Each structure stands twice: as structure tokens, then as C-alpha cells.
Amino acid sequence: MRTQVAIIGGGPSGLLLSQTLHRAGIDTVVLERRSKAHVLSRIRAGVLERGLVAQLEDAGLGARLQREGQPHDGTVLAHGEREIRIDFARHAAAHVTVYGQTEVTRDLYRAREAMDARLIFEVEDVVITGADGPSPEVSFQTAEGARTLACDYIAGCDGFHGVSRKTIPQTLRQDYEKVYPFGWLGVLSETPPVHDELIYATSALGFALCSMRNPTLSRYYIQCRLDDRPEAWSDDAFWDALRRRIPAAYAETLVTGPTIEKSIAPLRSFVTEPMQWGRLFLCGDAAHIVPPTGAKGLNTAASDVYYLSQALIGHYKDGDDAGLRGYSDRALARVWKAERFSWWMTRLLHRFPDQTAFDLKMQEAEVAFLSESEPAQAVLAENYVGLPY
Ligand code: APR
Ligand code: PHB
């Protein structure tokens, strides 16, 4: 087998890269470890920055997004009973779009299949060879046996647990990591959202987030202990804990119901440098992870895809390799700003086990300053709607 760009990973990064390159006349093959059904069963975040929306529209995926995506001009930060509305329209002249990542992935699969893309599912034993030479290859196993894919370039879009990052020799790589001492317990419920905008709430009992997928499907999270288990939480216990962490006005109007999904996600900040080695380029979770507090996971994967697709198009269309040479530096410049914002939102809104009385006073002062300072709110708005590519 041969292709121009071998893409390892059929999640949002790999699919968006494949779709963008295909529309530019560049051949790709996507290798995915799991089945398509498994990939589409994953519940992920649902806030799209304007840069990702523009990419999806340019890739021919704007129709359903326009129909079903919900524009949000602001969000609410709540500290106990104190509420601060961050006005994206006023401070950043922009909005975000609420549209589940699962739906983005579903739309990408539909578009890929409509273009007869080469997607190979349930691959095993993926091994990258020759990435630091002129003729890289990806070998893998399928039900039909051993296969080898020769290519010009490899995009490692295989997430945090993939093989791509680990293919770069550790002597050439620097990892940066911060693991947070808590997790998020999240539920989906077929109930109307408690508010028409997202509510990021913090209280003495910890963080809570009120989000949604559409007017009849809500997504809620509460901060939980790292050793907590979803099965230890009844629905009633979850709803009670949520009510006690959000302002009374919302707790009183919260519509509860049976949860249709309940899971716990750990929180981590992670970046590997560089994001390329020879003809191997890392995109998305393969290179970096953010705590979900700033809704930057998918959106930072999107800016990686933008930079890499532009670089590969420059190579194949104009013989210009400047983008490929500069990909890692350009992607990391934006990655680190997303890491900072996600870390800052997490530090501001969560209760840390080792927090001192002084630390708590610092959190209160930061929220108080945010509530009083238009420039401070503008900084949050600018980061939340998405920094420029
Ligand atoms: N070979 C082939 N595919 C692999 C391998 C492998 N060795 N290892 C992992 N994969 C696949 C996974 O099954 C997954 O479908 O790579 C894909 C990686 O997708 P994501 O983990 O979703 O990462 P990415 O596409 O970068 O999207 C980032 O997804 O996880 C969220 O919070 C994250 O919102 C962010 C977004
Ligand atoms: C979600 O809707 O799942 C969501 C929204 C915003 C976040 C994290 C998750 O910051």
C-alpha cells in the first residue's frame, strides 16, 4: 500500500486532517485502532471555537453545524451566590458554538465516507519506521493479516495513549506534565439545560459545570475525588451534589431525570516538545492534553490540524517546505497559551486538597477582581472564544 500522508488515529484530529487534505487533492489513509462505532460512542466536550467552526465549514461540514449548533455569546462564572457573566460579544466580538464533539466526529465520518476515503478500522500493532529518513512506513495488522503502508509523511493523530509520540526518541523529546488531584464526574440527562448559557461554578464543596448538547439534552459535571467511581454515585446523590454547588436560583429550577451516561475523567496538563521528528508530525491529544475546564481539547487539536494541513498543502502544491519545517514551533506557540488558560481556569475554580486558608483567599480575591474588572473579563473572553491561529 502507498499514500502521500499516512494518518494514525480516526478521532477528530485524524478525520479533520484527512478531510482537509483530500479536498486539497492530497491522498491519505487513516488507520484507526477501534471500530467506528466505538469511536462514535465516546462522550466528549461540546464547545467549538470560531477557528474550528471555520475549518469545518471550509471542509464542507457546515450545513448540520449551522442547523443544530447553538451560538453562545457568553458564559456564567459563579462563586457561591456571586455570578459573573462573561460577555464574549462585547469583549471579544465573537461567540462559541455549542455542538457535541461526538457530532463533529459523526459529521467527519459521513463526509469521509462520501468521498470514498481510505479508512482502515480495528488495526493492531501499528509500528512507525523510517520517520527520520526519506521513506517512512507504517506497518500494522488487520484481520486479513500484516500490512505495510509506504508514505511521504505520517500524521500522529492517535491521542495520548497512541504510538506516535512514543516513536520520537525520548532523548529528543521533552515532556511537561501536571496531574490534578481530582477528577470530573460527568452525566448526560435527557432534561432541559438549567440555563441557556454554560455555568462554571465553584463553592466550598468544589467545582461544578452546567452544560448542554441541545435544548433537551444536558451535560453536567462535578469535581470528585480521584479514587471515586461512577457506580458509587446514585442519580439522586449526583443531583443533590450539583444543586449544592451552584447558585440557589439555578438549584431551585434544575430539572433532573435519569442519567443516560455517567463517567469520571481525570484532569491532566501535558505537552511534548517537539511535535515533529523527521517526517512524523503530532496533532491533538498525541502531543498535548488540557484539563477540560477551558474547553480547549478539541479546539487546540483543530489549530494543530490547521497548521499541519497548510504546511502539507504548501509542500505538495508549491514545493514550499517552510510550513513543515516550522510546524512544531508554530503549533506549540498556540498550544502553550491554551495550556495556560486551561490551567488558570482549573486553578481558579476547583478546591485543591492541600489548599491553605491563604490559597482560598487568593481564589476569592481573583473572582472578586474578575467581577469588578472589565479588562480581566475581556482577557477571559478572548481566551475562551479562541486565540487567533
Ligand atoms: N493505532 C491507530 N489508532 C490509534 C492508536 C494506534 N496505535 N492509538 C489510539 N488510536 C486512536 C484512538 O482509538 C482514537 O480514536 O486514535 C484516536 C485518537 O483520538 P482522540 O483521542 O480523540 O484524539 P484527537 O483526535 O487528537 O482529538 C482530541 O478528543 O479525546 C478528546 O479531549 C480530547 O477533545 C479532545 C479531542
Ligand atoms: C461539555 O459540554 O461537555 C463541556 C463544556 C465546557 C467545558 C467542558 C465540557 O469546559
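Quick caveat, the model's predicted, so the values are computed rather than measured. Atoms within each ligand, like the ligands themselves, are counted from 1 in listed order.
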Discussion item. Polar contacts were defined as any N/O atom of the residue lying under 3.5 Å from an N/O atom of the ligand; does this apply to Q101 and ligand 1?
Written reply: yes
Worksheet item: Do L298 and ligand 1 have an N or O pair less than 3.5 Å apart?
Response: yes
Worksheet item: Does ligand 2 have any atom sitting under 4.0 Å from a heavy atom of M345?
Response: no
Response to the item:
The protein heavy atom nearest to atom 19 (O) of ligand 1 is G11 CA, 3.7 Å
Practice prompt. Number the atoms of ligand 1 from 1 as they appear, then name those within less than 4.0 Å of a heavy atom of L31, with their elements.
Written response: 2 (C), 3 (N)
Worksheet entry | Structural part of T293 in contact with ligand 2, heavy atom criterion under 4.0 angstrom | backbone
Discussion item. Need the ligand 1 atom indices (1-based, order shown) with element for anything under 4.0 Å from a heavy-atom of G162.
Written reply: 8 (N)
Worksheet item: Are Y306 and Y389 close enough, and set up right, to give a ring pair (Phe, Tyr, Trp, His ring centres under 6.0 Å), and what steps lead you there?
Response: CA-CA 8 Å; Y306 177 80; Y389 281 9; 5.1 Å; yes
Discussion item. Using heavy-atom distances only, which candidate in R33, E32, K166, H288 approaches atom 13 (O) of ligand 1 most closely?
Written reply: E32
Worksheet item: Any idea which protein heavy atom is nearest atom 30 (O) of ligand 1, and the distance to it?
Response: R44 NE, 2.8 Å
Worksheet item: Would you say ligand 2 has an N or O under 3.5 Å from any N or O of V47?
Response: no
Discussion item. Need the ligand 1 atom indices (1-based, order shown) with element for anything under 4.0 Å from a heavy-atom of I8.
Written reply: 1 (N), 2 (C)
Practice prompt. Pull out every atom of ligand 2 sitting under 4.0 Å from any heavy atom of L198, numbered as shown with elements.
Written response: 5 (C), 6 (C)
Worksheet item: Do Y109 and F121 pass the ring pair (Phe, Tyr, Trp, His ring centres under 6.0 Å) test, and can you show the C-alpha distance, the side-chain angles, and the key distance before you say yes or no?
Response: CA-CA 12 Å; Y109 269 122; F121 292 100; 5.7 Å; yes
Practice prompt. May I ask which of P292, G9, S13 has a heavy atom nearer to atom 25 (O) of ligand 1 than the others do?
Written response: S13
Discussion item. If you compare all heavy atoms of L280 against all heavy atoms of S164, which two are closest, and at what distance to 0.1 Å?
Written reply: CD2-O, 3.6 Å
Worksheet item: Under 3.5 Å, is there a donor-acceptor pair between the S303 and R334 side chains?
Response: yes
Discussion item. Please check this pair: side chain of S35 against backbone of H38, looking for a donor-acceptor N/O pair closer than 3.5 Å.
Written reply: yes
Item to complete: Examine distances only and state if a side-chain atom of S13 and a backbone atom of G9 form a donor-acceptor pair shorter than 3.5 Å.
Response: no
Item to complete: Return yes if some donor-acceptor pair links the side-chain N/O of N214 with the main-chain N/O of L217 below 3.5 Å, else return no.
Response: yes
Practice prompt. Give yes if a backbone or side-chain nitrogen or oxygen of R34 is under 3.5 Å from a nitrogen or oxygen of ligand 1, and no if not.
Written response: no
Practice prompt. Return yes if some donor-acceptor pair links the side-chain N/O of S342 with the main-chain N/O of A338 below 3.5 Å, else return no.
Written response: yes
Worksheet item: Is it the side chain, the backbone, both or neither of W184 that has a heavy atom closer than 4.0 Å to ligand 2?
Response: side chain
Worksheet, complete the sentence: closest protein heavy atom to atom 28 (C) of ligand 1 is D285 OD1, 3.5 Å
Worksheet, complete the sentence: The protein heavy atom nearest to atom 22 (O) of ligand 1 is P12 CD, 3.6 Å
Discussion item. Considering G297, P292, A45, G46 one by one, which has a heavy atom nearer to atom 7 (C) of ligand 2 than any of the others?
Written reply: P292
Fill in: Numbering as shown, the atoms of ligand 1 that approach G284 to under 4.0 Å (heavy-atom distance)
26 (O)
Fill in: atom 21 (O) of ligand 1: the protein heavy-atom neighbour that sits closest, reported with distance to 0.1 Å
G159 CA, 3.8 Å
Worksheet item: Near V126, which atoms of ligand 1 are under 4.0 Å from a heavy atom of that residue?
Response: 1 (N)
Discussion item. Give me each pair satisfying side chain to side chain donor-acceptor pair (under 3.5 Å) with a member in residues 133-144, each pair once, sequence neighbours excluded.
Written reply: T142-E144
Worksheet item: Would S234 and D236 count as having a side-chain donor-acceptor pair, cut-off 3.5 Å?
Response: no
Discussion item. Please report whether ligand 2 has a polar contact with Y384, defined as an N or O pair separated by less than 3.5 Å (distance criterion only).
Written reply: no
Discussion item. Can you tell whether the side chains of R118 and D27 come within less than 4.0 Å, N to carboxylate O?
Written reply: yes
Worksheet item: So, are R90 and D73 salt-bridged, with charged N and O less than 4.0 Å apart?
Response: no
Item to complete: Using a strict 4.0 Å cut-off to heavy atoms of Y200, name the atoms of ligand 2 that fall inside it.
Response: 6 (C), 7 (C), 10 (O)
Practice prompt. Flag the pair H350 / F207 as yes when their ring centroid distance falls below 6.0 Å, and as no otherwise.
Written response: yes
Discussion item. I'd like the name of whichever of C157, S35, A265, A45 reaches closest to atom 18 (C) of ligand 1 through any heavy atom.
Written reply: C157
Item to complete: Would you mind checking which non-hydrogen protein atom is closest to atom 14 (C) of ligand 1, with the distance to 0.1 Å?
Response: R42 NH1, 3.2 Å
Discussion item. Just to confirm my output: which protein heavy-atom neighbour is closest to atom 7 (N) of ligand 1, and how far is it?
Written reply: V163 CG1, 3.6 Å
Item to complete: Any side chain to side chain donor-acceptor pair (under 3.5 Å) involving residues 285-294? Give me the pairs, sequence neighbours left out, ordered by first then second residue.
Response: H288-D304, T293-T346
Worksheet item: Within the distance-only criterion (no hydrogens, no angle test), does the side chain of D359 pair as donor or acceptor with the backbone N or O of T356 below 3.5 angstrom?
Response: yes
Worksheet item: Is it the side chain, the backbone, both or neither of S211 that has a heavy atom closer than 4.0 Å to ligand 2?
Response: side chain
Worksheet item: Any idea which of T105, V30, D158, V47 brings a heavy atom closest to atom 16 (O) of ligand 1?
Response: D158
Worksheet item: Is there a donor-acceptor pair closer than 3.5 Å between any side-chain N or O of R173 and the backbone N or O of I168?
Response: yes
